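Note sheet for the following structure.
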Amino acid sequence: MKNIVMYSGGKDSGATLAVMLEKGIKPDIALFSEVMFDNERGISGEAPEHIEWINHVAKPLIESWGIKFVTVRSKEDYITLFHKKIIRSKEHPERVGKLWGFPLAKGCYLKRDCKIRPMNRYLKSVSEPFTQWLGIAADEPQRFGTLGGGNKRSILTEKNITEAEAFDIAEKYGLLSPIYDKKTRGGCWFCPNSSISDFAQLKITHPELWRELAKLDEKKNRVSLCFRYDETFSEVNDKADRLIRMGLARQMSMWEYLRRRE
């Protein structure tokens with residue numbers, strides 16, 4: 001039975017690898033699904049500092065433990081799906097011919113098409129039985145409830161390891177991404193579920209990526225003009241600028257966030 005860890009580069013999936021090794025459960029594969037913003041230009045959907053760390057720090061370290069590191073990507077990306085046209089819609093015929101546009105919060109098509117599908121395609125290609133290990137901490141019962149049955153497990157939940165403990169474990173084993181220096185969560189830099197503070201930080205540290213989003217906002221004939229929940233990109237941009245002017249763009253680090261919860 002193979003052990004496949006669904007690795008995101010986050011603290012929980014990093015702690016999952018470490019705890020499995022501690023408990024004598026050898027992970028065979030660390031499966032990382034990289035969402036791309038633009039395949040043609042090689043622009044990742046992961047925060048630049050995070051994907052750099054994964055490729056040059058986490059991957060070599062994990063491989064040194066005898067674990068195969070597999071990166072999967074979809075042929076589709078943010079750019080192609082943004083420009084995809086609605087071909088048919090019985091319930092909303094007025095949408096036919098329009099662009100999909102920005103992904104919507106809570107129902108992001110990028111997660112479905114560019115993250116989950118590549119992982120599922122890879123898992124279907126595995127010829128022998130396997131257990132799928134997910135990085136879900138013991139104090140995240142709402143996430144564990146979505147695991148379902150079958151071959152999915154969470155060793156952090158089974159060993160009653162909390163988010164704060166997972167943070168410390170990942171740090172101990174050298175598997176703590178630099179994103180946690182400024183944020184409490186990972187994810188795509190364009191995620192519609194990101195906070196205004198996250199977007200303000202993006203605009204400060206990676207203005208070239210912010211310009212990519214601004215350029216897309218100029219596209220007409222979109223299904224929705226919203227960028228974040230019911231807010232347009234212009235409204236989010238104004239809020240981000242307000243935070244920047246106030247000097248409040250810095251998000252608390254994961255360490256600060258976890259300690260405040262204790």
Side-chain angles (χ1 to χ4, degrees), residues 6-10 13 29-56 58-59 69-89 95-125 177-179 183 185-195 198-199 201-203 205-229 231-234 236-237 240:
M6 313 309 286
Y7 183 71
S8 67
S13 59
I29 297 170
L31 181 59
F32 172 61
S33 182
E34 182 182 3
V35 175
M36 295 297 291
F37 179 78
D38 189 340
N39 278 316
E40 186 175 346
R41 291 182 289 162
I43 302 176
S44 178
E46 302 286 345
E49 55 270 28
H50 184 57
I51 193 63
E52 178 78 10
W53 176 82
I54 284 179
N55 289 331
H56 299 286
K59 179 181 177 181
F69 193 100
V70 176
T71 299
V72 293
R73 301 183 186 89
S74 172
K75 292 182 179 179
E76 294 184 301
D77 54 28
Y78 191 104
I79 291 294
T80 57
L81 292 177
F82 180 99
H83 292 92
K84 194 170 184 177
K85 288 186 177 182
I86 305 286
I87 298 176
R88 62 179 67 87
S89 178
R95 297 180 179 178
V96 175
K98 291 187 176 181
L99 305 179
W100 280 18
F102 291 122
L104 300 180
K106 296 183 178 181
C108 178
Y109 58 68
L110 267 297
K111 181 178 181 180
R112 179 196 67 202
D113 293 355
C114 298
K115 190 174 187 70
I116 296 177
R117 284 181 180 172
M119 287 193 300
N120 287 339
R121 279 195 295 269
Y122 179 85
L123 293 175
K124 287 180 180 179
S125 73
S177 169
I179 58 170
K183 299 171 64 177
R185 61 184 291 274
C188 301
W189 51 266
F190 45 70
C191 180
N193 295 305
S194 296
S195 67
D198 284 340
F199 283 130
Q201 188 69 37
L202 175 69
K203 189 172 184 179
T205 57
H206 299 289
E208 74 285 357
L209 297 181
W210 194 252
R211 287 193 293 270
E212 293 281 351
L213 296 175
K215 186 176 179 180
L216 289 175
D217 189 53
E218 297 174 0
K219 301 287 183 178
K220 308 299 181 184
N221 197 37
R222 288 180 278 155
V223 170
S224 172
L225 296 180
C226 293
F227 173 70
R228 177 183 180 270
Y229 295 98
E231 300 172 316
T232 65
F233 179 80
S234 178
V236 171
N237 184 62

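Just so it is clear, the structure is predicted and the values come from calculations on it, not from any experiment. Count residues from 1 along the sequence. Any value given below was found using the heavy atoms of this structure, including those in side chains, with hydrogens, waters and symmetry copies removed.
Partners of K59 under the side-chain contact (heavy atoms from CB on, under 4.5 Å) rule, at least two apart in sequence or in another chain, are E63, F69. Residues passing the side-chain hydrogen bond (donor to acceptor under 3.5 Å, both in side chains) test with E49 are H206, sequence neighbours excluded. With sequence neighbours left out, the side-chain hydrogen bond (donor to acceptor under 3.5 Å, both in side chains) criterion links S74 to no other residue. Remark: E212 engages R41 in a salt bridge (charged side-chain N to carboxylate O under 4.0 Å, His left out) (not counting sequence neighbours). Residues satisfying the salt bridge (charged side-chain N to carboxylate O under 4.0 Å, His left out) criterion with D77, sequence neighbours excluded, are absent altogether. Applying the ring-ring contact (aromatic ring centres under 6.0 Å, His included) criterion to F227, with sequence neighbours excluded, gives F102, F199, F233. For K84, the salt bridge (charged side-chain N to carboxylate O under 4.0 Å, His left out) partners two or more places apart in sequence, or in a different chain, are E76. Every residue two or more places apart in sequence or in another chain was checked for a ring-ring contact (aromatic ring centres under 6.0 Å, His included) with Y229, and none qualifies. Take L225 and apply the side-chain contact (heavy atoms from CB on, under 4.5 Å) test, not counting sequence neighbours, and it matches R222. For R112, the salt bridge (charged side-chain N to carboxylate O under 4.0 Å, His left out) test picks out no residue, with sequence neighbours left out. In this structure V223 satisfies the side-chain contact (heavy atoms from CB on, under 4.5 Å) test together with I86, R95, K98, sequence neighbours excluded. Residues passing the side-chain hydrogen bond (donor to acceptor under 3.5 Å, both in side chains) test with R121, sequence neighbours excluded: none.
Within the 4.5 Å cutoff, no side-chain heavy atoms of C191 are placed close to those of D198.
No more than 12 heavy atoms of other residues, nucleotides or ligands lie within 6.0 Å of CD in E40, so this atom counts as exposed by the packing criterion.
A side-chain donor-acceptor contact under 3.5 Å links N237 and K203.
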